[in-house]
Participant: 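Can you keep this structure in mind? I'll have questions shortly.
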Amino acid sequence: MNSDYVIRREVSEDYRETEELVREAFWNVYHPGCTEHYVLHCFRQRKGFIPELDLVMEKDGKIIGQVMYVYSSICCDDGRVIPTLTFGPISIHPAYGRQGYGGRLLDFSMKKAKDMGAGALVITGNIQFYGKYGFVPGKTRGIRYQADPDADYLLVRELREGYLDHVRGTFSDPDGYDVAERNPSDFEAYDQTFPYKEKLRHPGQLE
C-alpha cells in the first residue's frame, strides 16, 4: 500500500466522518445541496449493501475518500437476470481533488470486487472520467437504462472477460438510491443535523 494513504473497510466509528465527507464532496455539484450522504447513511442497513466493499481512504489520520458498492442486476430481454455490482457514492474530499486519489480508490475497489467474483459493474457517470478505467456506454453493449433508454451516461465494465457477451437488456437503479426522494421529511431532518450550507444553483447541474 502506498505510504501516502491507506484504504480500508469502513467501521461504525467512521460513519459520521464519512457522511460529512460525502456531503462536502457532492454539495451543489449535481443539484442545489445533495442527498448522497443520506443514501450512504440509509444503505448500510439494506440487504443489497456489500460491507466488504464499503471502503474509506485515509491520509494522515483523516478520511479523505470513500466508496460503497451494492448488488444490482441486468434484466435481459430473454428473461435472464444477470448479477452485477454498482458503486456510488464514490467521493474524494475537495481539498484532495485532482491529485489522483479518486482513481487509486477506484482501481483498488474494482480489483477487490473482481477478487470477490463479480463479473461486471454498471454505474451512471461521466464517460470522460470513467472511460479511463475501462468503462463503456451500456448502449454499446446492448444494455439500456430503464430511466433513460438512450442514456450515454449508463456505463458498464466487465471484470471477467466475456461476462456481458450475448447480454441484451435493461438496467434499473438498485432499490434504495431514491431514498431521499421517497422520504423527503426524513431526509431534511437528517440533513439538519449537519452544519448549515447554502444550496446554490450552478450552470451544468442536472436540475
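Reckoned from all heavy atoms, side chains included, excluding hydrogens, waters and symmetry mates. Remember, predicted model here, so these are calculated numbers, not experimental data.
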Participant: Using a 6.0 Å distance limit plus a 45 degree cone around the ring axis, check whether Arg16 lies over the aromatic ring of Phe194.
Facilitator: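 The answer is yes; both the distance and angle limits are met.
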
Participant: Less than 4.0 angstrom from a charged side-chain N to a carboxylate O is my criterion; do Glu17 and Lys62 meet it?
Facilitator: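 Salt bridge absent between Glu17 and Lys62.
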
Participant: Just wondering, do Cys76 and Arg168 contact through their side chains at under 4.5 Å, heavy atoms?
Facilitator: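 Arg168 vs Cys76: side chains apart.
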
Participant: Take Arg44 and Glu10 through the salt bridge (charged side-chain N to carboxylate O under 4.0 Å, His left out) test and state the conclusion after the steps.
Facilitator: CA-CA 11 Å; Arg44 295 191 190 98; Glu10 185 187 41; 3.0 Å; yes

Participant: Is there a donor-acceptor contact under 3.5 Å linking the side chains of Gln146 and Thr170?
Facilitator: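 Their side chains do not contain a donor-acceptor pair, so the 3.5 Å distance test is not met.
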
Participant: Are any of the side-chain heavy atoms of Met68 and Phe43 separated by less than 4.5 Å?
Facilitator: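 Counting from C-beta outward, Met68 and Phe43 do come under 4.5 Å.
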
Participant: Under a 4.5 Å cut-off applied to non-hydrogen side-chain atoms, are Leu154 and Ile143 in contact?
Facilitator: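 Yes, close enough: below the 4.5 Å cut-off.
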
Participant: Quick one: does Arg144's side chain get under 4.5 Å of Asp150's, heavy atoms only?
Facilitator: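 Result no, sub-4.5 Å side-chain heavy-atom pair not found.
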
Participant: Look at Arg182 together with Asp175 and state whether they make a salt bridge at an N to O cut-off of under 4.0 Å.
Facilitator: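 The answer is yes: the pair qualifies as a salt bridge.
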
Participant: Between Tyr71 and Pro83, is there a side-chain heavy-atom distance shorter than 4.5 Å?
Facilitator: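 Of all side-chain heavy-atom pairs linking Tyr71 with Pro83, none is under 4.5 Å.
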
Participant: State whether the number of non-hydrogen atoms from other residues, nucleotides or ligands found under 6.0 Å of Lys139 atom NZ is greater than 12.
Facilitator: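 Yes, NZ of Lys139 has more than 12 neighbouring heavy atoms, counting only those of other groups under 6.0 Å.
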
Participant: May I ask you to check whether over 12 heavy atoms, not counting those of Glu181, lie within 6.0 Å of atom CD?
Facilitator: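 Yes, because the 6.0 Å sphere around CD of Glu181 holds more than 12 heavy atoms from other groups.
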
Participant: Before giving the answer on salt bridge (charged side-chain N to carboxylate O under 4.0 Å, His left out), spell out for Lys111 and Asp115 the whole-Å C-alpha distance, their side-chain angles and the decisive distance to 0.1 Å.
Facilitator: CA-CA 6 Å; Lys111 182 180 185 304; Asp115 291 344; 3.0 Å; yes

Participant: Can you tell me if Glu58 uses its side chain to pair, donor with acceptor, with the backbone of Val6 under 3.5 Å?
Facilitator: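 A pair under 3.5 Å: no.
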
Participant: Is there a side-chain contact between Asp191 and Tyr196 (heavy atoms, below 4.5 Å)?
Facilitator: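 No; the side chains remain at least 4.5 Å from each other.
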
Participant: For Tyr101 and Asp4, does a side-chain donor sit closer than 3.5 Å to a side-chain acceptor?
Facilitator: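 The answer is yes; a qualifying pair exists.
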
Participant: Between Asp78 and Arg80, is the salt bridge (charged side-chain N to carboxylate O under 4.0 Å, His left out) condition met? List the steps.
Facilitator: CA-CA 6 Å; Asp78 61 11; Arg80 292 177 296 154; 2.9 Å; yes

Participant: Is it the case that Ser73 and Thr84 place a side-chain donor and acceptor less than 3.5 Å from each other?
Facilitator: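 Their side chains do not contain a donor-acceptor pair, so the 3.5 Å distance test is not met.
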
Participant: Report yes or no: do Glu19 and Tyr190 form a side-chain donor-acceptor pair below 3.5 Å?
Facilitator: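 Yes, because at least one side-chain N or O of Glu19 sits under 3.5 Å from a partner of the opposite role on Tyr190.
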
Participant: Would Val22 end up clustered with Val70 when hydrophobic side chains under 4.5 Å apart are linked, directly or stepwise?
Facilitator: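 In one cluster with Val22: Val70, yes.
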
Participant: Tell me whether Lys199 is salt-bridged to Glu188, with the criterion being a basic N under 4.0 Å from an acidic carboxylate O.
Facilitator: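 Looking at Lys199 and Glu188, the cut-off is met.
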
Participant: Under 3.5 Å, is there a donor-acceptor pair linking the side chains of Tyr69 and Ser109?
Facilitator: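 Their side chains do contain a donor-acceptor pair, which is all the 3.5 Å distance test asks for.
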
Participant: Is there a donor-acceptor pair closer than 3.5 Å between any side-chain N or O of Arg157 and the backbone N or O of Tyr133?
Facilitator: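 Indeed, once roles are kept as given, a pair shorter than 3.5 Å links the two residues.
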
Participant: Whether the Gln205 and His31 side chains hold a donor-acceptor pair (N or O, under 3.5 Å, no angle test) is what I'd like checked.
Facilitator: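 No donor-acceptor contact under 3.5 Å links the two side chains.
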
Participant: With a 3.5 Å cut-off and no angle check, do the side chains of Asp148 and Tyr153 form a donor-acceptor pair?
Facilitator: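 A pair is found: one side chain offers a donor N or O, the other an acceptor, under 3.5 Å apart.
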
Participant: Hey, are Tyr38 and Asp186 close enough side-chain-wise for a donor-acceptor pair under 3.5 Å?
Facilitator: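 No.
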
Participant: Check for me, please, whether Val29 and Leu40 land in the same ILVMFWY cluster - side-chain distances under 4.5 Å, paths through other members count.
Facilitator: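 Yes, because Val29 and Leu40 connect within a single hydrophobic cluster, where side-chain heavy atoms sit under 4.5 Å apart.
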
Participant: Can you measure from CD1 (Ile92) to CD1 (Ile64) and round to the nearest 0.5 angstrom?
Facilitator: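 Answer rounded to 0.5 Å: 5.5 Å.
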
Participant: Which word best sums up how the rings of Phe87 and Tyr130 line up, parallel for under 30°, tilted for 30 to 60°, or perpendicular for over 60°?
Facilitator: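 Answer is tilted, since the angle falls between 30° and 60°.
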
Participant: Side-chain heavy atoms nearer than 4.5 Å, only ILVMFWY residues, links allowed to pass through others: does that put Tyr96 and Ile63 together?
Facilitator: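 In one cluster: no.
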
Participant: How far apart are the C-alpha atoms of Arg9 and Asp14, what are their side-chain angles, what is the distance that settles it, and do they pass the salt bridge (charged side-chain N to carboxylate O under 4.0 Å, His left out) test?
Facilitator: CA-CA 10 Å; Arg9 281 180 60 173; Asp14 300 322; over 6 Å; no

Participant: So do the side chains of Arg141 and Val167 get within less than 4.5 Å of each other, counting heavy atoms only?
Facilitator: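 No; the side chains remain at least 4.5 Å from each other.
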
Participant: Is it the case that atom NE2 in His202 sees more than 12 heavy atoms from other parts of the structure closer than 6.0 Å?
Facilitator: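 Count over threshold, so yes.
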
Participant: Would you indicate whether the side-chain heavy atoms of Asp178 and Asp173 approach each other to under 4.5 Å?
Facilitator: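 The answer is no, as the side chains (C-beta and beyond) never meet within the 4.5 Å cut-off.
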
